[in-house]
Protein chains: 2
Amino acid sequence: MNTSFAVATHIVTYLAFARGSAASSEQIAEHLQTNPVVVRRLMSLLRDAGLVKTKLGARGGALLARCPTKISLRDIYEAIEGDDADLFALSAAQKEGCNRIMASVQATLEDICASAEETMKRVFGKVSVAQIIERSSSFPK
Amino acid sequence: MNTSFAVATHIVTYLAFARGSAASSEQIAEHLQTNPVVVRRLMSLLRDAGLVKTKLGARGGALLARCPTKISLRDIYEAIEGDDADLFALSAAQKEGCNRIMASVQATLEDICASAEETMKRVFGKVSVAQIIERSSSFPK
DNA sequence: CTAAATGTAACTAATTTTGTTACAAATTTA
DNA sequence: TAAATTTGTAACAAAATTAGTTACATTTAG
(Lines give C-alpha, C1' and ligand atoms only; values in the text may rest on other atoms or scores of the structure.)
Protein backbone atom coordinates (compact mmCIF):
# COMPACT_ATOMS: atom_id res chain seq x y z
CA MET A 1 0.00 0.00 0.00
CA ASN A 2 2.99 2.28 0.63
CA THR A 3 1.77 4.57 3.37
CA SER A 4 5.24 5.99 4.05
CA PHE A 5 4.80 9.16 2.07
CA ALA A 6 1.49 9.97 3.75
CA VAL A 7 2.79 9.13 7.22
CA ALA A 8 5.94 11.17 6.67
CA THR A 9 3.86 14.12 5.54
CA HIS A 10 1.77 13.87 8.69
CA ILE A 11 4.93 13.78 10.76
CA VAL A 12 6.15 16.99 9.16
CA THR A 13 2.82 18.77 9.53
CA TYR A 14 2.72 17.66 13.16
CA LEU A 15 6.13 19.22 13.72
CA ALA A 16 4.96 22.36 11.97
CA PHE A 17 2.09 22.61 14.44
CA ALA A 18 4.49 21.94 17.30
CA ARG A 19 6.29 25.18 16.41
CA GLY A 20 9.77 24.81 17.79
CA SER A 21 9.17 22.55 20.75
CA ALA A 22 10.72 19.13 20.20
CA ALA A 23 8.21 16.31 19.70
CA SER A 24 9.10 12.76 20.72
CA SER A 25 8.51 9.77 18.48
CA GLU A 26 6.13 8.48 21.15
CA GLN A 27 3.95 11.57 20.95
CA ILE A 28 3.90 11.56 17.18
CA ALA A 29 3.23 7.83 17.00
CA GLU A 30 0.24 8.22 19.27
CA HIS A 31 -1.07 11.00 17.09
CA LEU A 32 -0.65 8.93 13.92
CA GLN A 33 -1.76 5.70 15.55
CA THR A 34 1.36 3.84 14.73
CA ASN A 35 4.55 2.66 16.42
CA PRO A 36 7.33 4.95 17.71
CA VAL A 37 9.93 2.95 15.78
CA VAL A 38 8.04 3.46 12.55
CA VAL A 39 8.12 7.18 13.25
CA ARG A 40 11.81 7.12 14.10
CA ARG A 41 12.61 5.24 10.90
CA LEU A 42 10.86 7.78 8.73
CA MET A 43 12.28 10.58 10.85
CA SER A 44 15.79 9.35 10.08
CA LEU A 45 15.08 9.67 6.37
CA LEU A 46 13.69 13.16 6.88
CA ARG A 47 16.76 14.07 8.91
CA ASP A 48 19.13 12.69 6.27
CA ALA A 49 17.35 14.90 3.75
CA GLY A 50 17.85 17.91 6.00
CA LEU A 51 14.15 18.53 6.63
CA VAL A 52 14.18 17.97 10.39
CA LYS A 53 16.65 18.03 13.22
CA THR A 54 16.65 15.44 15.94
CA LYS A 55 17.95 15.69 19.49
CA LEU A 56 19.19 12.69 21.41
CA GLY A 57 18.70 12.12 25.12
CA ALA A 58 16.12 13.18 27.66
CA ARG A 59 13.79 15.95 26.43
CA GLY A 60 15.01 15.05 22.97
CA GLY A 61 12.83 14.69 19.91
CA ALA A 62 12.43 16.30 16.52
CA LEU A 63 12.04 19.81 15.15
CA LEU A 64 11.63 21.18 11.67
CA ALA A 65 14.98 22.20 10.26
CA ARG A 66 13.43 25.11 8.39
CA CYS A 67 10.27 27.10 7.99
CA PRO A 68 7.17 25.17 6.74
CA THR A 69 6.96 27.55 3.79
CA LYS A 70 10.36 26.22 2.70
CA ILE A 71 9.45 22.53 2.84
CA SER A 72 7.59 21.12 -0.14
CA LEU A 73 5.84 17.81 -0.58
CA ARG A 74 8.50 17.08 -3.17
CA ASP A 75 11.17 17.40 -0.49
CA ILE A 76 9.28 14.87 1.60
CA TYR A 77 8.59 12.59 -1.35
CA GLU A 78 12.25 12.47 -2.33
CA ALA A 79 13.37 12.01 1.25
CA ILE A 80 11.15 8.95 1.57
CA GLU A 81 11.05 7.37 -1.87
CA GLY A 82 14.56 8.17 -2.97
CA ASP A 83 15.43 9.66 -6.30
CA ASP A 84 14.12 6.90 -8.49
CA ALA A 85 11.07 5.23 -7.00
CA ASP A 86 10.63 2.88 -9.96
CA LEU A 87 6.90 2.97 -9.46
CA PHE A 88 6.24 0.65 -12.40
CA ALA A 89 9.21 -1.66 -12.81
CA LEU A 90 9.61 -5.16 -14.17
CA SER A 91 11.07 -7.96 -12.10
CA ALA A 92 14.83 -8.41 -12.32
CA ALA A 93 14.35 -11.86 -13.86
CA GLN A 94 12.16 -10.46 -16.62
CA LYS A 95 14.60 -7.67 -17.35
CA GLU A 96 17.49 -10.04 -17.68
CA GLY A 97 16.16 -12.83 -19.83
CA CYS A 98 14.27 -10.82 -22.39
CA ASN A 99 14.99 -10.51 -26.08
CA ARG A 100 16.22 -7.43 -27.91
CA ILE A 101 12.81 -6.08 -28.90
CA MET A 102 11.35 -6.42 -25.46
CA ALA A 103 14.46 -4.84 -23.96
CA SER A 104 14.01 -1.84 -26.24
CA VAL A 105 10.36 -1.51 -25.36
CA GLN A 106 11.29 -1.74 -21.70
CA ALA A 107 13.92 0.98 -22.04
CA THR A 108 11.41 3.25 -23.73
CA LEU A 109 8.82 2.51 -21.10
CA GLU A 110 11.24 3.30 -18.28
CA ASP A 111 12.02 6.58 -19.94
CA ILE A 112 8.38 7.53 -20.11
CA CYS A 113 7.73 6.42 -16.54
CA ALA A 114 10.65 8.48 -15.31
CA SER A 115 9.27 11.52 -17.04
CA ALA A 116 5.78 10.79 -15.67
CA GLU A 117 7.20 10.57 -12.17
CA GLU A 118 9.15 13.78 -12.62
CA THR A 119 5.93 15.50 -13.66
CA MET A 120 4.22 14.19 -10.57
CA LYS A 121 7.07 15.42 -8.41
CA ARG A 122 6.74 18.86 -9.93
CA VAL A 123 3.15 18.95 -8.67
CA PHE A 124 4.42 18.03 -5.22
CA GLY A 125 7.10 20.68 -5.57
CA LYS A 126 4.48 23.40 -5.87
CA VAL A 127 2.91 22.63 -2.51
CA SER A 128 4.54 23.63 0.77
CA VAL A 129 3.79 22.22 4.18
CA ALA A 130 2.63 25.69 5.17
CA GLN A 131 0.08 25.62 2.36
CA ILE A 132 -1.23 22.26 3.45
CA ILE A 133 -1.80 23.55 6.95
CA GLU A 134 -3.40 26.68 5.61
CA ARG A 135 -5.74 24.78 3.31
CA SER A 136 -6.55 22.28 6.01
CA SER A 137 -7.33 24.67 8.83
CA SER A 138 -9.61 26.70 6.61
CA PHE A 139 -11.90 23.70 6.18
CA PRO A 140 -15.39 24.15 7.61
CA LYS A 141 -15.93 22.49 10.96
CA MET B 1 6.83 -3.82 -6.75
CA ASN B 2 3.76 -3.57 -8.93
CA THR B 3 4.95 -4.91 -12.25
CA SER B 4 1.41 -5.13 -13.66
CA PHE B 5 1.53 -1.93 -15.63
CA ALA B 6 4.83 -2.81 -17.26
CA VAL B 7 3.76 -6.38 -18.00
CA ALA B 8 0.45 -5.23 -19.44
CA THR B 9 2.26 -2.76 -21.66
CA HIS B 10 4.51 -5.51 -22.95
CA ILE B 11 1.46 -7.65 -23.66
CA VAL B 12 -0.07 -4.89 -25.74
CA THR B 13 3.13 -4.19 -27.66
CA TYR B 14 3.48 -7.90 -28.30
CA LEU B 15 -0.01 -7.96 -29.78
CA ALA B 16 0.84 -4.93 -31.85
CA PHE B 17 3.79 -6.81 -33.32
CA ALA B 18 1.59 -9.85 -33.90
CA ARG B 19 -0.48 -7.75 -36.31
CA GLY B 20 -3.87 -9.39 -36.41
CA SER B 21 -2.97 -13.00 -35.74
CA ALA B 22 -4.28 -14.14 -32.38
CA ALA B 23 -1.61 -14.77 -29.74
CA SER B 24 -2.19 -17.29 -26.98
CA SER B 25 -1.47 -16.60 -23.34
CA GLU B 26 1.11 -19.37 -23.49
CA GLN B 27 3.05 -17.66 -26.28
CA ILE B 28 2.92 -14.30 -24.57
CA ALA B 29 3.87 -15.75 -21.19
CA GLU B 30 6.91 -17.38 -22.69
CA HIS B 31 7.93 -14.09 -24.27
CA LEU B 32 7.50 -12.22 -20.98
CA GLN B 33 8.93 -15.00 -18.85
CA THR B 34 5.91 -15.34 -16.67
CA ASN B 35 2.90 -17.60 -16.22
CA PRO B 36 0.03 -17.94 -18.72
CA VAL B 37 -2.51 -17.31 -15.97
CA VAL B 38 -0.81 -14.05 -15.08
CA VAL B 39 -1.13 -13.04 -18.71
CA ARG B 40 -4.77 -14.08 -18.86
CA ARG B 41 -5.58 -12.12 -15.74
CA LEU B 42 -4.11 -8.93 -17.11
CA MET B 43 -5.64 -9.69 -20.50
CA SER B 44 -9.08 -9.80 -18.90
CA LEU B 45 -8.56 -6.29 -17.56
CA LEU B 46 -7.41 -5.10 -20.97
CA ARG B 47 -10.44 -6.74 -22.55
CA ASP B 48 -12.82 -5.17 -20.03
CA ALA B 49 -11.30 -1.82 -20.95
CA GLY B 50 -11.92 -2.52 -24.63
CA LEU B 51 -8.27 -2.53 -25.62
CA VAL B 52 -8.07 -6.15 -26.80
CA LYS B 53 -10.42 -8.84 -28.01
CA THR B 54 -10.10 -12.42 -26.89
CA LYS B 55 -11.23 -15.59 -28.64
CA LEU B 56 -12.14 -18.76 -26.76
CA GLY B 57 -11.37 -22.28 -27.90
CA ALA B 58 -8.79 -23.91 -30.10
CA ARG B 59 -6.74 -21.40 -32.12
CA GLY B 60 -8.09 -18.78 -29.75
CA GLY B 61 -6.06 -16.01 -28.17
CA ALA B 62 -5.94 -12.24 -28.12
CA LEU B 63 -5.86 -9.43 -30.67
CA LEU B 64 -5.71 -5.67 -30.36
CA ALA B 65 -9.20 -4.21 -30.49
CA ARG B 66 -7.95 -1.14 -32.31
CA CYS B 67 -4.97 0.35 -34.06
CA PRO B 68 -1.81 0.85 -31.94
CA THR B 69 -1.92 4.55 -32.76
CA LYS B 70 -5.24 4.68 -30.91
CA ILE B 71 -4.07 2.99 -27.72
CA SER B 72 -2.25 5.15 -25.20
CA LEU B 73 -0.27 4.20 -22.12
CA ARG B 74 -2.98 5.99 -20.19
CA ASP B 75 -5.54 3.54 -21.56
CA ILE B 76 -3.38 0.69 -20.32
CA TYR B 77 -2.66 2.37 -17.00
CA GLU B 78 -6.33 2.92 -16.28
CA ALA B 79 -7.25 -0.57 -17.42
CA ILE B 80 -4.80 -2.05 -14.93
CA GLU B 81 -4.74 0.32 -11.99
CA GLY B 82 -8.35 1.41 -12.02
CA ASP B 83 -9.49 4.98 -11.84
CA ASP B 84 -8.06 5.80 -8.43
CA ALA B 85 -4.86 3.95 -7.74
CA ASP B 86 -4.36 5.60 -4.34
CA LEU B 87 -0.64 5.42 -4.82
CA PHE B 88 0.06 7.05 -1.45
CA ALA B 89 -2.77 6.18 0.92
CA LEU B 90 -2.95 5.80 4.69
CA SER B 91 -4.12 2.59 6.32
CA ALA B 92 -7.85 2.31 6.99
CA ALA B 93 -7.22 2.20 10.73
CA GLN B 94 -5.26 5.44 10.62
CA LYS B 95 -7.91 7.17 8.56
CA GLU B 96 -10.63 6.19 10.96
CA GLY B 97 -9.23 6.96 14.36
CA CYS B 98 -7.57 10.29 13.63
CA ASN B 99 -8.47 13.68 15.02
CA ARG B 100 -10.01 16.59 13.14
CA ILE B 101 -6.76 18.33 12.25
CA MET B 102 -5.11 15.20 10.91
CA ALA B 103 -8.25 14.34 8.98
CA SER B 104 -8.12 17.74 7.30
CA VAL B 105 -4.47 17.38 6.45
CA GLN B 106 -5.22 13.93 5.06
CA ALA B 107 -8.06 15.26 2.90
CA THR B 108 -5.80 17.96 1.53
CA LEU B 109 -3.04 15.47 0.89
CA GLU B 110 -5.39 13.13 -0.96
CA ASP B 111 -6.48 16.02 -3.10
CA ILE B 112 -2.93 16.86 -4.04
CA CYS B 113 -2.03 13.23 -4.69
CA ALA B 114 -5.05 12.84 -6.94
CA SER B 115 -3.97 15.83 -8.96
CA ALA B 116 -0.38 14.55 -9.09
CA GLU B 117 -1.62 11.22 -10.38
CA GLU B 118 -3.82 12.90 -12.95
CA THR B 119 -0.78 14.84 -14.18
CA MET B 120 1.15 11.62 -14.48
CA LYS B 121 -1.68 10.03 -16.42
CA ARG B 122 -1.68 12.96 -18.81
CA VAL B 123 1.95 12.13 -19.63
CA PHE B 124 0.91 8.55 -20.31
CA GLY B 125 -1.98 9.84 -22.39
CA LYS B 126 0.43 11.51 -24.78
CA VAL B 127 2.20 8.29 -25.70
CA SER B 128 0.65 5.68 -27.99
CA VAL B 129 1.66 2.07 -28.29
CA ALA B 130 2.59 2.80 -31.88
CA GLN B 131 5.02 5.47 -30.69
CA ILE B 132 6.62 3.11 -28.23
CA ILE B 133 7.25 0.61 -30.97
CA GLU B 134 8.57 3.31 -33.25
CA ARG B 135 10.93 4.68 -30.61
CA SER B 136 12.03 1.20 -29.64
CA SER B 137 12.76 -0.18 -33.08
CA SER B 138 14.79 2.88 -34.00
CA PHE B 139 17.26 2.08 -31.24
CA PRO B 140 20.76 1.29 -32.44
CA LYS B 141 21.58 -2.37 -32.50
C1' DC C 1 23.42 8.88 38.65
C1' DT C 2 18.90 8.36 36.81
C1' DA C 3 15.42 8.98 33.55
C1' DA C 4 14.10 9.84 28.98
C1' DA C 5 14.94 9.83 24.37
C1' DT C 6 17.03 8.58 19.76
C1' DG C 7 19.16 5.14 16.44
C1' DT C 8 19.24 0.78 14.71
C1' DA C 9 19.34 -4.15 14.34
C1' DA C 10 16.77 -8.21 14.38
C1' DC C 11 12.70 -10.42 14.32
C1' DT C 12 7.51 -11.22 13.71
C1' DA C 13 3.25 -10.40 11.61
C1' DA C 14 0.35 -8.69 8.12
C1' DT C 15 -0.55 -7.51 3.55
C1' DT C 16 0.12 -7.57 -1.26
C1' DT C 17 1.71 -9.46 -5.35
C1' DT C 18 3.01 -13.17 -8.22
C1' DG C 19 2.94 -17.83 -9.58
C1' DT C 20 0.58 -22.43 -9.84
C1' DT C 21 -2.89 -26.04 -10.17
C1' DA C 22 -7.20 -27.32 -11.60
C1' DC C 23 -11.10 -27.45 -14.25
C1' DA C 24 -15.45 -25.92 -16.64
C1' DA C 25 -16.83 -23.77 -20.93
C1' DA C 26 -16.04 -22.62 -25.64
C1' DT C 27 -14.35 -23.35 -30.18
C1' DT C 28 -11.81 -25.40 -34.03
C1' DT C 29 -10.72 -29.18 -36.73
C1' DA C 30 -10.39 -33.78 -38.09
C1' DT D 1 -19.31 -35.99 -32.91
C1' DA D 2 -15.00 -36.61 -30.57
C1' DA D 3 -10.52 -34.81 -29.56
C1' DA D 4 -7.53 -31.10 -28.93
C1' DT D 5 -6.77 -26.44 -27.75
C1' DT D 6 -7.54 -22.33 -25.46
C1' DT D 7 -9.84 -18.88 -22.50
C1' DG D 8 -11.81 -17.61 -17.84
C1' DT D 9 -11.68 -17.97 -13.19
C1' DA D 10 -11.42 -19.88 -8.62
C1' DA D 11 -8.60 -21.50 -5.12
C1' DC D 12 -4.43 -22.08 -3.26
C1' DA D 13 0.89 -21.56 -2.54
C1' DA D 14 4.95 -18.97 -2.56
C1' DA D 15 7.51 -14.85 -2.59
C1' DA D 16 8.18 -10.21 -1.65
C1' DT D 17 7.13 -6.08 0.58
C1' DT D 18 5.59 -3.31 4.33
C1' DA D 19 4.37 -2.41 9.00
C1' DG D 20 4.85 -3.38 13.75
C1' DT D 21 7.52 -5.05 17.80
C1' DT D 22 11.25 -6.08 20.99
C1' DA D 23 15.61 -5.09 22.56
C1' DC D 24 19.37 -2.49 23.65
C1' DA D 25 23.46 0.63 23.14
C1' DT D 26 24.15 5.53 23.17
C1' DT D 27 23.23 10.25 24.28
C1' DT D 28 21.67 14.01 27.01
C1' DA D 29 19.02 16.76 30.64
C1' DG D 30 18.42 17.41 35.17
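Keep in mind it's a predicted model, so treat the numbers as computed, not measured. Residue numbers start from 1 in every chain, and the chains themselves are labelled A, B, ... in the order their sequence lines are given, proteins ahead of strands.
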* At under 4.0 Å between heavy atoms, which parts of nucleotides 1-10 of chain D does protein reach? Answer with one letter per nucleotide, 5' to 3': B base, S sugar-phosphate only, - none. => ----BBBBBB
* Asked: Where the side chain of A:Q27 meets the backbone of A:S24, is there a donor-acceptor pair that is under 3.5 Å apart?
  -> yes
* Asked: When you measure from the side chain of A:K53 to the backbone N and O of A:G61, does any donor-acceptor pair fall under 3.5 Å?
  -> no
Rounded to the nearest Å, what distance is computed from the [atom1] atom of residue [X] to the [atom2] atom of nucleotide [N]?
X: A:Q94; N: D:dA16; atom1: CD; atom2: C1'; result: 14 Å
X: A:Q27; N: C:dA4; atom1: CD; atom2: C1'; result: 13 Å
X: A:N2; N: C:dT17; atom1: CG; atom2: C1'; result: 14 Å
X: A:D86; N: D:dA16; atom1: CG; atom2: C1'; result: 16 Å
X: A:F88; N: C:dT17; atom1: CZ; atom2: P; result: 12 Å
X: A:L90; N: D:dA16; atom1: CG; atom2: P; result: 15 Å
X: B:L45; N: C:dT18; atom1: CG; atom2: P; result: 12 Å
X: A:E30; N: D:dG20; atom1: CD; atom2: C1'; result: 17 Å

* Excluding sequence neighbours, so at least two apart, what forms salt bridge (Lys or Arg N to Asp or Glu O under 4.0 Å) with B:D111? -> A:R135
* Sequence neighbours excluded, which residues qualify as salt bridge (Lys or Arg N to Asp or Glu O under 4.0 Å) partners of A:E118? -> A:R74, A:R122
* To do: For DNA chain D, determine which residues of residues 7-14 of chain B have any heavy atom closer than 4.0 angstrom to one of its atoms, and list them numerically.
  =>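 Going residue by residue through residues 7-14 of chain B, none turns out to have a heavy atom under 4.0 Å of DNA chain D.
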[N] OP1/OP2 closer than 4.0 Å to side-chain N/O of [X]:
X: A:T34; N: D:dG20; value: yes
X: B:T3; N: C:dT17; value: no
X: A:S4; N: D:dA19; value: yes

* Proximity to the side chain of A:N35 - top-ranked nucleotide from C:dT20, C:dT18, D:dT22 ->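 Output: D:dT22.
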* To do: Scan for ring pair (Phe, Tyr, Trp, His ring centres under 6.0 Å) pairs involving residues 114-137 of chain A, sequence neighbours excluded, and state none if there are none.
  =>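 Every ring pair (Phe, Tyr, Trp, His ring centres under 6.0 Å) pair that includes a residue of residues 114-137 of chain A, provided the two are not neighbours, is A:F5-A:F124, A:Y77-A:F124.
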* Specify the closest pair of heavy atoms between B:L15 and B:A23, including all atoms of both residues, with the distance to one decimal. =>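 In this case the closest contact between B:L15 and B:A23 is CD2-CB, 3.8 Å.
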* Compare every heavy atom of B:Q94 with every heavy atom of A:Q33, then report the nearest pair and how far apart it is. =>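 Looking at all heavy atoms of both residues, the shortest contact is NE2-O, 3.5 Å.
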* Verify whether one side chain among B:S91 and A:T3 offers a donor that lies under 3.5 Å from an acceptor in the other. =>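 Result is no, nothing qualifies.
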* Which part of the nucleic acid, if any, lies within contact of B:S91, taking any heavy atom under 4.0 Å across all strands shown: a base, the sugar-phosphate backbone alone, or nothing? -> nothing
* **Qualifying residues under side chain to side chain donor-acceptor pair (under 3.5 Å), relative to B:D75, sequence neighbours excluded** => B:R66, B:S72
